[in-house]
Amino acid sequence: RNYSSQISIITSEGLLPALVIILAFTAGSALVMWLGEQITEFGIGNGISMILFANIISSIPGMVGTLATLVWWQIIIVLVGIVALVLFIVFINDAERRIPIQYAKRVVGRKVYGGQNTNLPIKVAMSGVMPIIFAQSICSLPATICAFTGKTSGWWYDHVWSSSVIYFIMIFFFSWFYSTIQYDTVEISNNLKSNGGFIPGFRPGKPTADFIQKVINKIIVFGSVYLGIVALLPIIAGNLMEGVKNLAIGGTSVIIVVGVALETVKAL
């Protein structure tokens, strides 16, 4: 994580240390990916998520030690905030918008098919933690460029509110982008039409696709606001209370821990 020290090693000692660092990163990434695939293959859960979960959990003892150095009222605020954040993430993680679907009755020979009522579930947190990861990568780009050029990062980190607004906009954009890839409303509408299904009050075809897209757009707005709140709360709390910044609590870490825990419980 200390980019400046790595860059100084590369520039002062030549190409060989840089090549060793790159090969070590590549080999480590390959090993972690292989371990993740093994975990997934044996049915324990998503392997990479489990490794990230273990990495985050391993930092808890250090966080507890840092928490003990805070003032008592700061400790109470942090603990209450963490519990509230976890409950909020659990609630949103299980939340979904269920679009009612009915299937017309079909008579094939002596048997009657269809005629049942079901629903099309659309999760509020459909994009998971990916928009936050993409937004963090883009927002850290100026600091990386400044580290290579040897200059300070300037206004980007000096003006916390400006960078937070840009961070929130990035999260919103990547949430919308990820959902457009994940859901093809035209294909969903065609599948419903071919199987004799329809949404009450909407004709099959384009009206159904437009309605599903409208619902998804509303969910994207709510889901983006949720991700923005979870991602920005630790940053805002760290700038309001100096000691909290040393805890290194990130919204991404909390979402990963809660999400993996819930998925593991379901798998078991």
Side-chain angles (χ1 to χ4, degrees), residues 46 48-49 52 81 84-102 118-141 160-193 195 197-237 249-263 266:
N46 188 295
I48 298 297
S49 298
L52 290 173
L85 189 62
V86 169
L87 292 176
F88 180 57
I89 292 174
V90 171
F91 175 73
I92 299 296
N93 190 76
D94 293 335
E96 59 186 16
R97 169 72 159 87
R98 297 175 181 175
I99 300 177
I101 296 176
Q102 294 182 359
T118 181
N119 59 74
L120 175 65
I122 301 177
K123 293 184 68 67
V124 174
M126 65 176 74
S127 54
V129 77
M130 295 306 296
I132 298 180
I133 295 176
F134 286 138
Q136 282 181 340
S137 302
I138 298 297
C139 290
S140 64
L141 186 61
V160 178
W161 295 107
S162 300
S163 59
S164 298
V165 170
I166 296 175
Y167 186 30
F168 185 86
I169 293 174
M170 290 281 185
I171 292 174
F172 189 91
F173 169 75
F174 284 117
S175 298
W176 171 81
F177 179 75
Y178 193 85
S179 63
T180 55
I181 297 175
Q182 192 172 8
Y183 285 96
D184 187 353
T185 57
V186 176
E187 183 179 357
I188 295 174
S189 176
N190 291 334
N191 290 337
L192 288 175
K193 185 177 179 180
N195 293 321
F198 63 94
I199 299 175
F202 297 91
R203 293 191 308 174
K206 189 175 184 302
T208 298
D210 292 341
F211 173 73
I212 296 175
Q213 187 61 56
K214 183 179 179 181
V215 173
I216 290 176
N217 290 338
K218 291 181 180 179
I219 293 176
I220 290 173
V221 173
F222 189 85
S224 302
V225 172
Y226 150 72
L227 288 177
I229 291 174
V230 173
L232 292 178
L233 269 181
I235 299 175
I236 295 174
I249 301 175
T252 311
S253 302
V254 181
I255 293 177
I256 292 174
V257 169
V258 174
V260 172
L262 292 175
E263 291 298 325
K266 290 179 181 179

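Throughout, numbering of the chain's residues begins at 1 and tracks the sequence. Everything quoted here is computed from the prediction, not taken from an experiment.
For V258, the side-chain contact (heavy atoms from CB on, under 4.5 Å) test picks out V86, I89, V90, V254, L262, with sequence neighbours left out. For K214, the salt bridge (charged side-chain N to carboxylate O under 4.0 Å, His left out) criterion is met by no residue, not counting sequence neighbours. Residues passing the ring pair (Phe, Tyr, Trp, His ring centres under 6.0 Å) test with F88, sequence neighbours excluded: Y226. Among residues two or more places apart in sequence or in another chain, the side chain to side chain donor-acceptor pair (under 3.5 Å) test is passed with D94 by none. Taking the side-chain contact (heavy atoms from CB on, under 4.5 Å) definition, one finds that I48 meets it with V32, N46, L52, sequence neighbours left out. For N190, the side-chain contact (heavy atoms from CB on, under 4.5 Å) partners at least two apart in sequence or on another chain are V186. Under the rule for a side chain to side chain donor-acceptor pair (under 3.5 Å), the partners of E96 that lie at least two apart in sequence or sit in another chain are R98. Remark: L233 pairs with L85, I229 by the side-chain contact (heavy atoms from CB on, under 4.5 Å) rule, at least two apart or across chains. Under the rule for a ring pair (Phe, Tyr, Trp, His ring centres under 6.0 Å), the partners of F202 that lie at least two apart in sequence or sit in another chain are F211. For the side chain to side chain donor-acceptor pair (under 3.5 Å) test, residues two or more places apart in sequence or in another chain that qualify with N217 are Q213.
Here the straight-line distance linking atom NZ of K123 with atom CD of Q182 works out to 10.5 Å at 0.5 Å rounding. Atom-to-atom distance recorded for S189:OG and I199:CD1 is 7.5 Å, nearest 0.5 angstrom. Considering CE of M126 and CD1 of I220, their distance stands at 5.5 Å, rounded to 0.5 Å. One distance of note links CD1 of I216 with OG1 of T185; it measures 6.5 Å at 0.5 Å rounding. Expressed to the nearest 0.5 Å, how far OG of S137 lies from CD1 of I132 amounts to 11.5 Å.
Residue F222 qualifies as open at atom CZ: its count of foreign heavy atoms under 6.0 Å is 12 or below.
No side-chain heavy atom of T208 sits under 4.5 Å from any side-chain heavy atom of R203. For the pair F198/I101, no side-chain contact is recorded, criterion being any heavy-atom separation below 4.5 Å from C-beta on. Side-chain contact check for I166 versus I138: every heavy-atom pair is 4.5 Å or farther apart.
The salt bridge (charged side-chain N to carboxylate O under 4.0 Å, His left out) pairs that include a residue from residues 182-193 number zero, where partners must be two or more places apart or lie in different chains.
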Result block: side-chain N/O donor-acceptor pairs under 3.5 angstrom for residues 170-181, not counting sequence neighbours:
from : atom 1 : to   : atom 2 : distance (Å)
S175 : OG     : I171 : O      : 2.8
S179 : OG     : S175 : O      : 3.2
S179 : OG     : W176 : O      : 2.8
T180 : OG1    : W176 : O      : 3.4
T180 : OG1    : F177 : O      : 2.6

